[in-house]
Amino acid sequence: DRDILEVLAEMGPAGREAVPVLIDMVDEIVSSYSGEMSRLILGPRSLTGYIETLGRMETTAKAAVPLLKRILEMKDDENLAGVLGTRAALALWRIEGNAAEILPLLRRELESARVQGRAADSGPLATLDVIVAMGPAAHDLVPLLKKRLEGQGEMPLLAAHALLVV
């Protein structure tokens, strides 16, 4: 699956014929969700690759929007929900370009106490990737980004980068 997803992600909008199949795959994985969010991220059929691929297909993946919004609403382990939520938020941004819909999630992640010292693919640091992708559309988050300039680890550097882009 990963090799195919990488090829489709590289194709971007040109891979639009695969959108219905990707939506079905994501829907099947989400529908089989049994309360163990780690299986959705770390399992053999990780949602993150599917979500990223749909996002890279941009507006041709518009049919995936309801499913991506459903993923945004999933909750279990807060950090894992943050990982999936930020991936879904980035995909929604690339597909729709609607900042108002995803800024609340990004705000929650930045305000989270979990922000300190997480791995680069964790929710809080992945949030900064979304903010960078959004550029000036994420300007409302500048005060929170400034608060993240202090501390240890990658967070201050990534927050400074996000501030330069926003």
Side-chain angles (χ1 to χ4, degrees), residues 1-110 112 114 118-138 141 154 158 161-162 165-166:
D1 282 1
R2 287 188 182 153
D3 291 339
I4 293 169
L5 291 175
E6 286 178 25
V7 169
L8 289 171
E10 286 299 316
M11 290 176 67
R16 67 183 160 276
E17 299 296 324
V19 170
V21 174
L22 290 171
I23 291 171
D24 287 346
M25 297 288 287
V26 172
D27 188 42
E28 181 182 318
I29 295 167
V30 171
S31 296
S32 67
Y33 171 63
S34 62
E36 270 187 75
M37 190 161 290
S38 61
R39 289 184 60 218
L40 296 178
I41 297 170
L42 306 171
R45 293 177 66 199
S46 168
L47 272 179
T48 55
Y50 291 98
I51 293 169
E52 181 179 336
T53 301
L54 285 167
R56 301 259 311 264
M57 292 183 166
E58 299 172 354
T59 58
T60 61
K62 201 142 185 86
V65 168
L67 185 55
L68 292 168
K69 288 180 181 178
R70 196 166 115 208
I71 292 168
L72 278 180
E73 296 169 2
M74 293 176 73
K75 291 184 175 48
D76 184 9
D77 175 284
E78 283 189 31
N79 188 50
L80 295 177
V83 172
L84 284 179
T86 53
R87 297 288 174 100
L90 180 56
L92 284 167
W93 171 252
R94 289 177 171 165
I95 295 167
E96 293 188 309
N98 184 353
E101 238 177 4
I102 60 176
L103 283 175
L105 169 84
L106 301 177
R107 182 178 311 284
R108 275 193 309 275
E109 284 296 314
L110 282 176
S112 169
R114 300 175 283 118
R118 306 302 285 169
D121 64 345
S122 72
L125 292 181
T127 299
L128 294 174
D129 291 338
V130 179
I131 292 168
V132 168
M134 292 176 69
L141 300 175
E154 294 179 285
L158 295 172
H161 175 72
V165 175
V166 172

Once rounded to the nearest 0.5 Å, what's the spacing between atom CE of Met25 and atom CG of Leu47?
10.0 Å
Hey, does the side chain of Thr53 reach the backbone of Leu5 with a donor-acceptor pair shorter than 3.5 angstrom?
yes
Return the CG to CG distance between Asn98 and Leu92, rounded to the nearest 0.5 Å.
9.0 Å
Could you report the tightest heavy-atom contact between Leu22 and Tyr50, atom names first, then the distance?
CD2-CD2, 3.8 Å
Counting only N and O atoms by type, is there a donor-acceptor contact under 3.5 Å from the side chain of Arg16 to the main-chain atoms of Pro13?
yes
I want to check something: taking the side chain as every heavy atom from C-beta on, are Leu128 and Leu110 in contact at a cut-off of under 4.5 Å?
yes
Between Glu73 and Lys69, does any side-chain N to carboxylate O distance fall below 4.0 Å?
no
How many angstroms lie between CE in Met11 and OG1 in Thr60, if you round to the nearest 0.5 Å?
10.0 Å
When rounded to the nearest 0.5 Å, the distance separating CG of Leu54 from CG of Leu90 is 11.5 Å
At their closest point, which heavy atom of Asp27 faces which heavy atom of Arg70, and how far apart are they?
OD1-NH1, 3.1 Å
How many angstroms lie between atom CD of Glu52 and atom CD of Glu6, to the nearest 0.5 angstrom?
9.0 Å
Given side chains that start at C-beta, do those of Thr59 and Ile95 come closer than 4.5 Å, heavy atoms only?
no
Would you indicate whether the side-chain heavy atoms of Ile131 and Val165 approach each other to under 4.5 Å?
no
Taken to the nearest 0.5 Å, the spacing of Asp129 CG from His161 NE2 works out to 8.5 Å
Indicate the atoms forming the closest heavy-atom contact of Ala18 with Met57, along with that distance.
CB-CE, 4.3 Å
Could you check Thr48 against Leu84 for side chain to side chain contact (heavy atoms under 4.5 Å, CB included), going step by step and ending with a plain yes or no?
CA-CA 7 Å; Thr48 55; Leu84 284 179; 4.1 Å; yes
Taking every heavy atom of Glu109 against every heavy atom of Thr127, the minimum-distance pair comes out as CB-OG1, 3.1 Å
Kindly give the heavy-atom pair with the smallest separation between Leu105 and Thr86, and that separation in Å.
CD2-N, 4.0 Å
Can you name the nearest heavy-atom pair linking Met134 to Ala99, along with the distance?
CE-CB, 3.5 Å
